Protein chains: 2
Amino acid sequence: MRDERFCNSNCPFTRAIGTIGNKWKPIIINVIGTRTIRFGQLDSIVPLISRKVLTEQLKELEEDGLLERLAYRELPPRVEYKLSEKGLAFLPILEYIKEWNLKYEVALIPKETDRINYVR
Amino acid sequence: MRDERFCNSNCPFTRAIGTIGNKWKPIIINVIGTRTIRFGQLDSIVPLISRKVLTEQLKELEEDGLLERLAYRELPPRVEYKLSEKGLAFLPILEYIKEWNLKYEVALIPKETDRINYVR
DNA sequence: TATTCTGGTTACCATTGGGTAACTACAAAT
DNA sequence: ATTTGTAGTTACCCAATGGTAACCAGAATA
């Protein structure tokens, strides 16, 4: 999940990639954005992720200080997630990536059946 | 390597992550930077990557229009890589990631033995 | 009494990622 | 005649990723 060798690199960029350089984390950070969101919501909004993987990713994001986790001792349980200052500071980078993609992406017409309908 | 479901999403951000959202591609793009570089150089500079994986990543980056590949019909063969306009436009984003990491990273003192000495 | 609801955890299994080593072509050097 | 060098490709194999399904608590609801 997290590449420990990358995270232990003495190159700050390599460390950053070790932390957020996989396919799920940028998606999750983008979905959360500026709101507070519950586990179940994330599970249904993030496309195609399993609960197990979502749990793992959230735990790592919290460990790396991007995410704050608030567990209420209720029944049924309620857990809320929101981005920390560090996580919020990452959002503009995701915006740049969006703009970059829109500007340079080669047009592709995916088959209807292969599409993920994913709206933040 | 590349997640086809992500690449076929109708969300431009998800597609972008499908394209560059893995651990090797940002590293490779960063290593290439503004220079022209040969396969063998990349293989020795990019930390811990195998030739097989490097080949795959380079091929995908070329297919996605981030990279230009120049093969000279010589013996021994010579192949040079450099970033396309799209690839070059991605470099500032990598700079933001570096800055973000330097600003917010929690200090960690990796064991000497676990370090990768990686200098661009 | 049985079911539902939430946010997990766990065991199990299939798929994939990614590493190693051998092989290629052919010219030039030894 | 053999080795060297480049940029791969291929076969093989092991480790890691990630999916599914079952299970948990305990209150509220039917």
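For clarity, every value in this text was computed on a predicted model and none was experimentally measured. Each chain gets a letter, A, B and so on, in the order its sequence line appears, and its residues count up from 1.
- Per the geometry, CD1 belonging to A/Ile28 stands 13 Å off C1' belonging to D/dG18, to the nearest Å.
- Atom pair A/Leu67:CG and C/dG7:P shows a separation of 14 Å (rounding to whole Å applied).
- Without hydrogens or angle criteria, A/Trp100 side chain to B/Gly87 main chain gives no donor-acceptor distance under 3.5 Å.
- Between the CG atom of B/Asn22 and the C1' atom of C/dG17 there is a distance of 11 Å, given to the nearest Å.
- Between the side chain of B/Thr19 and the main chain of B/Arg15, a donor-acceptor pair closer than 3.5 Å is present.
- A donor-acceptor pair is defined here as one N or O able to donate and one able to accept, closer than 3.5 Å; no such pair exists between the side chain of A/Asp64 and the backbone of A/Leu66.
- Whole-Å rounding puts the A/Asp3 CG to D/dA15 P distance at 17 Å.
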query = How would nucleotides 3-11 of chain D be written as a contact map, 5' to 3', with B for base contact, S for sugar-phosphate-only contact and - for no contact, using protein heavy atoms under 4.0 Å?
reply = --BBBBS--

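- In the hydrophobic cluster analysis, where Ile, Leu, Val, Met, Phe, Trp and Tyr join through side-chain heavy atoms closer than 4.5 angstrom, A/Ile37 is grouped together with A/Leu91.
- The residues A/Glu95 and A/Lys98 are annotated as salt-bridged, a charged nitrogen and a carboxylate oxygen being separated by less than 4.0 angstrom.
- Rounded to whole Å, the distance from CG on A/Leu42 to C1' on C/dT6 is 14 Å.
- Rounded to whole angstrom, the span from the OH atom of A/Tyr72 across to the C1' atom of C/dC5 amounts to 18 Å.
- Between the OH atom in A/Tyr81 and the CG atom in A/Leu61 there is a gap of 10.0 Å [rounded to 0.5 Å].
- Counting to the nearest Å, the C1' atom of C/dG18 and the CH2 atom of B/Trp24 are 10 Å from each other.
- Separating the CG atom of A/Leu48 from the C1' atom of D/dT20 is a distance of 15 Å, rounded to the nearest angstrom.
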